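A short write-up of the structure that comes next.
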Amino acid sequence: MSRANAYYITSPIYYVNDAPHIGHAYTSLACDALARFMRLDGREVKFLTGTDEHGQKVEKAASAAGEAPQAFVERMSRRFSRLSDQMGFTNDDFIRTTEQRHVASVQRLWRELAARDQIYLGVYAGWYSVRDEAFYTESDLVDGMAPTGAPVEWVEEPSYFFRLSAWQDRLLEHYENNPDFIAPETRRNEVISFVKGGLVDLSVSRTSFRWGVPVPDDPDHVMYVWIDALTNYITGVGYPDTAHPEYRRFWPADVHLVGKDILRFHAVYWPAFLMAAELPPPKRVFAHGWWTNEGRKISKSLGNIIDPVALVERYGLDQVRYFLLREVPFGNDGDFSHRAMVSRMNDDLANDFGNLVQRVLSMVNRNCDARVPEPGALEDADEKLLAAAHALLDELRDSFARQSFHTALIRLWEVIGAANRYVDEQAPWALNKTDPARMRTVLYVLAETIRHLAVLAQPITPGGAGRILDQLAVDEGARGFASLGPDGALVPGTPLAKPEGVFPRYVEAGQGAR
RNA sequence: GGCGGAGUAGCUCAGUCGGUAGAGCAACGGAAUCAUAAUCCGUGGGUCGGGGGUUCGAGUCCCUCCUCCGCUACCA
């Protein structure tokens with residue numbers, strides 16, 4: 001496969017101290033949809049996710065749990081790999097920062113930076129609050145106390161620093177020359193504004209804890225989060241072996257998908273590290289927004305954290321995937337509410353899409369001898385509907401290239417709407433009595449339209465889309481985008497099984513179907 | 001404080017180069033009956049945050065005021 005055909009997408013690595021929640025699932029889901037889309041489009045995809053397992057918090061949590069750090073992270077990391085399985089994510093690899101491949105990678109990157117005089121030994125100083133276990137800057141302090149009201153003390157410890165300040169101009173130049181490097185636009189503005197405000201060197205090691213990657217040649221230090229965590233993206237493709245086939249094929253990454261809270265690390269520190277090591281920066285960093293729960297900010301103290309697995313159990317996997325990617329423009333914040341979820345699930349999936357498939361395939365089953373009907377000459381309305389279906393691929397390519405999942409879904413649903421209107425206008429149930437040949441043409445056009453819709457819906461709702469293609473007797477090997485268009489059209493005469501609903505309605509408890 | 005974004009129909013939002021406001025959902029009325037009581041059609045007099053200005057004409061440009069949100073360095 002050529003480099004141009006490769007597509008490398010990453011989720012952040014998730015901090016094992018956190019319990020998996022909707023935020024983690026959301027980021028990985030977006031990656032998964034993108035990865036699936038690109039695979040179906042014939043690209044060679046690598047989708048990487050994983051866990052971040054070092055740091056003082058982990059060291060302390062392990063100690064509090066009476067466990068060795070390594071045993072602790074084994075257990076905690078598994079919760080994230082399990083979430084990936086439960087959500088049906090198709091990541092090609094799962095990286096853990098405690099793996100030997102990563103330790104070797106990070107130490108090598110460190111040496112590369114040090115060899116280029118990008119790292120120097122200095123003193124990290126700041127106001128430390130023992131109670132908060134956190135450092136504060138001068139500007140953070142309120143009346144000489146931490147913002148939390150905790151007492152602070154001036155602490156100094158030796159630390160290695162990365163010469164981030166030296167990269168300000170080259171970063172700004174990079175943003176300028178690569179307008180798509182940071183998305184969405186508003187986040188890009190924020191990052192540029194931040195960098196223009198001036199960069200100071202970055203403390204990249206600690207001596208206050210041991211649970212981290214040792215700094216080469218100075219065992220008193222372990223690496224602080226930045227270099228350790230971000231480097232996972234190149235570890236995943238074989239670094240430090242830059243001759244590795246995966247590195248050659250996949251680096252630089254096509255897109256790092258991240259939450260807006262960690263954009264700066266990805267859009268400022270990470271490209272600076274890479275450029276300083278004379279490695280190419282990623283092509284794009286996309287920061288998505290946060291979800292609220294029934295209009296309220298999600299927080300541990302409110303106890304309203306959303307468990308993605310519970311959502312899937314209640315509404316279904318396809319339904320949750322569809323909702324999260326349709327409800328809000330990717331990049332914006334959004335609100336999760338039961339009402340909105342049910343509306344998407346019932347109105348969009350069950351009524352519009354599911355019912356379209358059901359009504360068409362039922363007529364085929366009953367009136368066409370349960371076989372793909374033989375079409376006659378096409379009329380304008382037929383050509384128009386098919387043209388809309390055929391145009392979808394290019395439209396969705398544009399949307400997915402921009403991570404604009406909701407516009408992709410809007411396009412799909414425009415054709416679903418057009419197909420439903422076409423059914424009503426053509427009234428094949430009436431044609432069954434007056435003009436069966438015309439009915440067969442109409443149903444064929446609809447079946448072929450549905451094939452396009454299902455093939456293209458696979459990245460978002462892989463379960464239901466797959467069942468639709470099953471019902472159309474489309475071979476597993478003929479479900480890629482290469483099969484779209486007239487050349488891959490359904491073959492008249494192909495026997496079809498009796499249709500079954502693919503997107504069930506949500507029925508409120510106690511309100512059984514009437 | 002500085003920088004950036006936003007305030008448009010009950011709700012969520014579109015509105016390109018300025019030309020007398022649109023979509024989805026909800027609501028109401030109708031058609032149809034193939035289908036997961038699903039579908040289709042019709043119905044929107046909302047000071048486009050307030051005020052002022054430019055213009056033949058402004059959500060759409062300029063000024064000003066109000067409100068909300070994001071970023072403003074080491075919280076993955």
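Note that this is a predicted model, so its numbers are computed, not measured. A, B, ... follow the sequence lines: proteins, then strands. Residue 1 opens every chain.
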Less than 4.5 Å apart, side chain to side chain, heavy atoms only: is that true for [X] and [Y]?
X        : Y        : answer
A/Tyr269 : A/Trp167 : no
A/His54  : A/Val222 : no
A/Ile298 : A/Phe336 : no
A/Tyr233 : A/Pro12  : yes
A/Asp201 : A/Ser165 : yes

Please state how far atom [atom1] in [X] lies from atom [atom2] in [N], giving the value in whole angstrom units.
X        : N      : atom1 : atom2 : result
A/Tyr269 : B/rC75 : OH    : P     : 9 Å
A/His288 : B/rA76 : NE2   : P     : 15 Å
A/Glu185 : B/rC3  : CD    : P     : 18 Å
A/Tyr422 : B/rA32 : OH    : P     : 21 Å
A/Glu190 : B/rC71 : CD    : P     : 6 Å
A/Ile192 : B/rG5  : CD1   : C1'   : 15 Å
A/Phe323 : B/rG24 : CZ    : P     : 19 Å
A/Arg188 : B/rC71 : CZ    : C1'   : 15 Å

If you check every side-chain atom of [X], which of [options] has the closest atom?
X        : options                : value
A/Asp347 : B/rU39, B/rC25, B/rU36 : B/rC25
A/Asn189 : B/rG4, B/rU39, B/rC75  : B/rG4
A/Leu202 : B/rC74, B/rA76, B/rU39 : B/rC74
A/Trp429 : B/rA38, B/rA76, B/rA32 : B/rA32
A/Ala350 : B/rU36, B/rA76, B/rC3  : B/rU36
A/Arg366 : B/rG4, B/rA76, B/rA35  : B/rA35
A/Tyr124 : B/rC74, B/rA35, B/rC3  : B/rC74
A/Val423 : B/rA38, B/rC34, B/rC3  : B/rC34
A/Arg505 : B/rC34, B/rA76, B/rA38 : B/rA38
A/Arg339 : B/rA26, B/rC34, B/rU36 : B/rA26

Of A/Ile416 and A/Ser193, whose closest RNA chain B nucleotide lies nearer the 5' terminus?
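So the residue in question is A/Ser193.
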
By nearest nucleotide on RNA chain B, pick out whichever of A/Ser343 and A/Asn420 is the more 5' one.
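Looking at RNA chain B, the more 5' nearest nucleotide goes with A/Ser343.
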
Spacing of the [atom1] atoms in [M] and [N] (rounded, Å):
N      : M      : atom1 : value
B/rG2  : B/rC48 : P     : 29 Å
B/rG19 : B/rC65 : C1'   : 28 Å
B/rC34 : B/rC17 : C1'   : 47 Å
B/rU12 : B/rU55 : C1'   : 34 Å
B/rG24 : B/rU67 : P     : 36 Å
B/rG53 : B/rA14 : C1'   : 28 Å
B/rG52 : B/rU39 : P     : 47 Å
B/rU54 : B/rC63 : C1'   : 11 Å

Using a cut-off of 4.0 Å on non-hydrogen atoms, how would the nucleic acid contact of [X] be classed: base, sugar-phosphate, or nothing?
X        : value
A/Ser203 : base
A/Tyr15  : sugar-phosphate
A/Gly354 : base
A/Arg421 : sugar-phosphate
A/Leu199 : base
A/Asn432 : nothing
A/Val502 : base
A/Asp261 : nothing
A/Asn17  : nothing

Would you call [X]-[Y] a salt bridge at under 4.0 Å N-O?
X        : Y        : value
A/Arg359 : A/Asp424 : yes
A/Arg96  : A/Glu74  : yes
A/Glu379 : A/Arg438 : yes
A/Glu173 : A/Arg170 : no

When you check the glycosidic angle of B/rG59, does it come out syn, meaning within 90° of 0, or anti?
syn

Intra- and inter-strand pairs of RNA chain B in dot-bracket (Watson-Crick or G-U wobble, both distances under 3.5 Å; | for another strand):
(((((((..((((........)))).(((((.......))))).....(((((.......))))))))))))....

Using side chain to side chain donor-acceptor pair (under 3.5 Å), reason through A/Arg505 and A/Asn351 one step at a time and then give a plain yes or no.
CA-CA 8 Å; A/Arg505 291 175 59 79; A/Asn351 296 355; 2.7 Å; yes

B/rA38 base to A/Asn351 side chain: any donor-acceptor pair below 3.5 Å?
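Side chain to base: no pair below 3.5 Å.
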
Under 4.0 angstrom between A/Tyr160 side-chain N/O and B/rC74 OP1 or OP2:
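It does not, given that no N or O in the side chain of A/Tyr160 lies less than 4.0 Å from OP1 or OP2 of B/rC74.
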
Carefully, step by step, assess A/Trp270 and A/His256 under the rule side chain to side chain contact (heavy atoms under 4.5 Å, CB included).
CA-CA 11 Å; A/Trp270 180 226; A/His256 293 319; 3.1 Å; yes

